[in-house]
Trainee: 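First the structure, which I've put down as structure tokens, then a few questions once you've had a look.
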Amino acid sequence: MTERRAAEPPSTAPLAAADERTGEQADHAPGVPVPEAPSPAEVAERRREFTALLEAFRDTAVLVPLRDDGWLTADFGGVRWILAFSDESALARYAVARGEGHQEWTYRTVLGHRLLDVAVPEAGVPCGVALDAADGTEHAVLFPPVTGVVPDACAVDRPHASGPAR
């Protein structure tokens with residue numbers, strides 16, 4: 001049920017240079033400009049936009065491919081992502097990107113809220129939904145397993161009775 005990619009060998013090059021003045025490791029790659037932090041107004045606007053997008057997703061029917069008697073998923077960064085697509089064209093772009101455009105893809109039509117409220121908890125591991133994964137950062141959307149997106153019991157950022165967020 002899980003899509004897996006071969007791991008790339010770790011790079012031997014340092015990811016970040018040490019600060020010349022303090023000797024501390026910088027948190028960015030050398031030669032790459034550090035983006036400015038967004039203003040509080042920008043953060044508030046982005047939160048409003050994401051909330052509106054989330055609400056629309058919850059009420060929208062999406063296509064979820066089936067593989068190995070389950071949803072098509074990809075594990076990345078310790079999170080299992082259920083791959084969902086807004087329409088057959090988006091699913092076809094993903095299939096072509098995988099080199100599987102010639103194959104028939106079986107899928108189910110599922111409401112977004114069913115994925116977030118039912119399928120995510122059933123995964124048993126930190127799980128979110130990736131919408132239109134082949135469409136790049138400008139169009140693809142991730143609904144991560146955090147409070148306000150998935151049920152609180154499944155959110156990785158919620159405090160637990162025995163300690164901090166998992």
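Residue numbers run from 1 in the order of the sequence given. Here the structure is a predicted model, which is why all the values come from computation and not from measurement.
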Trainee: Do the charged groups of Arg46 and Glu49 touch, with an N to O distance under 4.0 Å?
Mentor: no
Trainee: Side chains of Leu66 and Trp71: does their closest heavy-atom pair fall under 4.5 Å?
Mentor: yes
Trainee: Just by distance, do the side chain of Arg93 and the backbone of Ala134 share a donor-acceptor pair under 3.5 Å?
Mentor: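 Absent.
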Trainee: Roughly how far, to the nearest 0.5 Å, is OG1 of Thr73 from CG of Asp68?
Mentor: 9.0 Å
Trainee: Is it the case that atom CZ in Phe76 sees more than 12 heavy atoms from other parts of the structure closer than 6.0 Å?
Mentor: no
Trainee: Are there more than 12 heavy atoms of other residues, nucleotides or ligands under 6.0 Å from atom CD of Glu88?
Mentor: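 For Glu88, atom CD is not crowded (no more than 12 foreign heavy atoms under 6.0 Å).
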Trainee: What distance separates Glu100 CD from His102 NE2, expressed to the nearest 0.5 Å?
Mentor: 7.0 Å
Trainee: Which heavy atom of Pro38 sits nearest to which heavy atom of Val43, and what is that distance?
Mentor: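 Closest approach of Pro38 to Val43: CG-CG2, 3.8 Å.
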Trainee: In Å, rounded to the nearest 0.5 Å, how long is the span from CG of Leu63 to CG of Leu83?
Mentor: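 The distance works out to 12.5 Å.
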Trainee: Could you report the tightest heavy-atom contact between Ala133 and Ala140, atom names first, then the distance?
Mentor: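 Between these two residues, the closest heavy atoms are CA-CB, 4.3 Å.
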Trainee: If we only count heavy atoms from C-beta on, is the Phe143 to Leu115 side-chain gap below 4.5 Å?
Mentor: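 Of all side-chain heavy-atom pairs linking Leu115 with Phe143, none is under 4.5 Å.
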Trainee: How close do Val149 and Pro144 get, counting heavy atoms only, and between which atoms?
Mentor: CG1-O, 3.3 Å
Trainee: Can you name the nearest heavy-atom pair linking Pro151 to Leu116, along with the distance?
Mentor: CD-O, 3.1 Å
Trainee: Using atom types as modelled and distance alone, determine if a side-chain donor or acceptor of Trp81 lies under 3.5 Å from a backbone N or O of Leu142.
Mentor: no
Trainee: Provide the closest heavy-atom pair for Val64 versus Val110 in the form atom of the first, atom of the second, distance.
Mentor: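 What the structure gives for the nearest pair is CG2-CG2, 4.2 Å.
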Trainee: Evaluate the criterion side chain to side chain contact (heavy atoms under 4.5 Å, CB included) for residue pair Tyr107 and Leu72; output intermediate values, then yes/no.
Mentor: CA-CA 9 Å; Tyr107 62 84; Leu72 176 64; over 6 Å; no
Trainee: Backbone N or O of Ser86 within a donor-acceptor pair of the Asp132 side chain at under 3.5 Å?
Mentor: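 Yes: the side chain of Asp132 pairs with the backbone of Ser86.
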Trainee: Ignoring hydrogens, what is the shortest heavy-atom contact between Asp59 and Leu111? Give both atom names and the distance.
Mentor: O-CD2, 4.0 Å
Trainee: Can you tell me how far CG of Leu53 sits from CG of Leu131, rounded to the nearest 0.5 angstrom?
Mentor: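 Output value for this atom pair is 8.0 Å.
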Trainee: Assess whether a salt bridge exists between Arg58 and Asp117, defined as any Lys/Arg side-chain N lying under 4.0 Å from an Asp/Glu carboxylate O.
Mentor: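 Asp117 and Arg58: salt-bridged.
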Trainee: Establish whether Val120 and Val118 are linked, either directly or via other cluster members, by ILVMFWY side-chain heavy-atom contacts under 4.5 Å.
Mentor: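 No.
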Trainee: Please examine the side chains of Cys154 and Pro145, heavy atoms only from C-beta on, and report whether any two atoms are closer than 4.5 Å.
Mentor: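 In short, these two side chains do not touch, never coming nearer than 4.5 Å.
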Trainee: Should the heavy atoms of other residues, nucleotides or ligands under 6.0 Å from NE2 of His113 be counted, would the total exceed 12?
Mentor: yes
Trainee: Please examine the side chains of Leu91 and Trp105, heavy atoms only from C-beta on, and report whether any two atoms are closer than 4.5 Å.
Mentor: yes
